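One structure is given below, encoded as structure tokens.
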Amino acid sequence: MQEPVMSEVRVRFAPSPTGYFHLGSARSLLFNWLFARRHGGAFILRIEDTDRTRYHEEAVSDMLDGMRWLGLDWDEGPEVDGPYGPYYQSQRLSLYQDYAQRLLDSGHAYKCYCSLEDLEQMRREQQQRGLPSGYDRRCRTLTARQQAEREAQGMVPVIRLKVPLMGTTSFHDLIRGQIEVQNEKLDDLVLLKSDGFPTYHLAVVVDDHLMRISHVLRADEWIPTTPHRILIYDALGWTPPLFAHLPIILSPTGQGKMSKRKTVDADGREYNVLIHEFRAAGYLPEAMFNFLALIGWAYDDKTEILTRQQIIQNFDLTHVSSAPAKFSYDKLDWMNGVYIRSLEVDDLAGRLLPFLSRVSPDVDVETVRRITPLVQERLTALADVVAWTDFFFTDKLDLEPESLIEKKMTAEQAIQVLEQSYQVLGELPTFDEQAIEAGLRAKAEEMGLKARQFFGTLRIAATGKRVAPPLFGTLAILGREKVLQRVARARELLVS
RNA sequence: GCCCCCAUCGUCUAGUGGACUAGGACACAGCCCUUUCAAGGCUGCGACGGGGAUUCGAAUUCCCCUGGGGGCACCA
């Protein structure tokens, strides 16, 4: 691929605000952004809100929030504006109408008076007879008089593109090479709807041209619409931008693409799809960035963890794969863990705080800071911190008496463990990690119990959990008073 | 049904005709470490969908088949 001249690169991401910001969008968006940053070009955000029936109020803010969270800034678009605005298509309606008229005048388009019912019936018949579906062009040959008759009846037309009946339309895809389609397979698509709004096809061409977009990077699923796109450029006498079609992201099961809805695996487990869901679950934006970049693109044959700068500097369309990719939550979890482990303790504690504050009002910064090193290498996502450490912030432990008795131990021994621990811990001159460990180990040995048994019983008494952060550090942070209280309560439970 | 795209371990991928007994990562299994769980270390399992053709030589180029995915709206 030829290296584009730096100043010429202008790419855009153009979502339609019909739903929440999801993974598939995020990946397309990221690749566009990377391409712009890699080539020192401009990244433009344009809102394609031409479908009033599917418009979703919160969609735009959800996307902007998600972009800010991922650190993807835009040079032109909502909130920042720019020389080619407005950047909402709903504010550009007269533009599309002008160009639609222009196509009508030049004979590249025509008015179609077919009703939605007509079209539906036509499709049904085509389906039944096994014919390829598509508009049958019955209004393409209407005479001026026939048109006037329909207008007189109050029929409001749409404007359709006059697709050439013969020949082929082709384009060069930067990732896939030459793609060619026979014009006879293309139907006369609607450019302007009867409500005066443009369809996607018209609006996108007009805006990409007027906004001087140089490269269009978008998902695979758009390939079939590209020849139509090219034809509209031709009809307007414009030069199309360069296209690159990105491999689609498939759900983990491989049964279809990642949609805006929840995906469910074979066991019926639900997975996150929306960006704000990943955020709420405690995936780090830097991990999401890294992971998304690696779906369909690779830096080399071994590097997985890359900084934002490394990715920008090395991003390259020639290394974008053309095969679809299944999304792997396992690998994302692994990568998020890697990023969590690499954080400075203060940084991580700061990110953990909101998750804990949400479940308990008594959470204090200092305690979170002390707890953080205990859980850092155990977290898959930030929200996991709650399950790991909630016992620090509440005295309501769910204790089952039987759970206090470790394997190959009698109830009598468990009681002994608790009583002896109570005594040892009560008498320690200082209640720090080292002193606690030394005192308890000596006692365990004296009693002839395995560390596993002794500490297991104590762990459950202090935390209510069979699996918990390292015991000695945990006890030190809980403090002597709470620990003794919990040990005593556990003993009561066993005795009664 | 019609059109289009795609094809390397279970998954993400490296691979751009000889450096390939095909490399890495996730997942999985085993061992080590170990107070639980992790993390970490080591080892293992594991792929070029099939058939032709081109070539001295093919994972890599071409064709066919098969399989998977996507698209066929007055949605984007």
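Below, chain A is the first sequence line, B the second, and so on; all start at residue 1. Since this is a predicted model, take the numbers as computed values, not measurements.
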Study note, to complete from the structure: So side-chain hydrogen bond (donor to acceptor under 3.5 Å, both in side chains) across residues 457-469 of chain A, not counting sequence neighbours, yields D390(A)-K465(A)
Study note, to complete from the structure: Out of rG70(B), rC37(B), rC5(B), minimum distance to the side chain of K257(A) belongs to rG70(B)
**Study point:** Sub-4.5 Å side-chain heavy-atom contact between V204(A) and W222(A)
**Key:** no
Point to revise | Donor-acceptor pair present, E304(A) side chain and rG24(B) base, under 3.5 Å | key: yes
Exercise for review: With sequence neighbours left out, write down each residue that passes salt bridge (charged side-chain N to carboxylate O under 4.0 Å, His left out) with R124(A), or none if nothing qualifies.
Suggested key: E120(A)
Review point. Of all the choices, rC75(B), rC2(B), rU35(B), which nucleotide is nearest to the side chain of T199(A) once you look at every atom?
Key: rC75(B)
Side-chain donor-acceptor pairs of residues 155-168 of chain A under 3.5 Å, sequence neighbours excluded:
unit_1	atom_1	unit_2	atom_2	d
R160(A)	NH1	D188(A)	O	2.7

Point to revise | Check: R378(A) side chain, rC37(B) base, donor-acceptor under 3.5 Å | key: yes
Point to revise | Sugar-phosphate only, base, or nothing, as touched by L294(A) at under 4.0 Å among non-hydrogen atoms | key: sugar-phosphate
Point to revise | Evaluation steps, ring pair (Phe, Tyr, Trp, His ring centres under 6.0 Å), between H319(A) and Y299(A) | key: CA-CA 8 Å; H319(A) 285 92; Y299(A) 168 67; 8.8 Å; no
Could I get a table of every N or O pair under 3.5 Å where one atom is in the protein and the other is in nucleotides 21-23 of chain B?
unit_1	atom_1	unit_2	atom_2	d
rG23(B)	N2	D301(A)	O	2.9

Check your understanding: If you check the L119(A) side chain, which of rC74(B), rU13(B), rC4(B) turns out closest?
Key -> rC74(B)
Check your understanding: By a strict heavy-atom criterion of less than 4.0 Å, which residues belonging to residues 320-327 of chain A are in contact with RNA chain B?
Key -> S322(A), A323(A), P324(A), A325(A), K326(A)
**Study point:** Below 4.0 Å: OP1/OP2 of rG40(B) and any side-chain N or O of R341(A)
**Key:** yes
Short heteroatom pairs, N/O only, protein and nucleotides 26-33 of chain B, under 3.5 Å:
unit_1	atom_1	unit_2	atom_2	d
rC26(B)	OP1	W334(A)	NE1	3.3
rC26(B)	O2'	K331(A)	N	3.3

Review point. So what does T50(A) hit on the nucleic acid, given a heavy-atom distance under 4.0 Å: a base, only sugar-phosphate, or nothing?
Key: sugar-phosphate
Exercise for review: Would you indicate what C114(A) reaches in the nucleic acid, counting non-hydrogen atoms under 4.0 angstrom: base, sugar-phosphate, or nothing?
Suggested key: base
Check your understanding: Would one find a side-chain N or O of H319(A) under 4.0 angstrom from OP1 or OP2 of rG15(B)?
Key -> yes
Review point. When you look at CD of E57(A), are more than 12 heavy atoms from neighbouring residues, nucleotides or ligands closer to it than 6.0 Å?
Key: no
Review point. Within the structure, does a side-chain N or O atom of R123(A) lie under 4.0 Å from either OP1 or OP2 of rC74(B)?
Key: yes
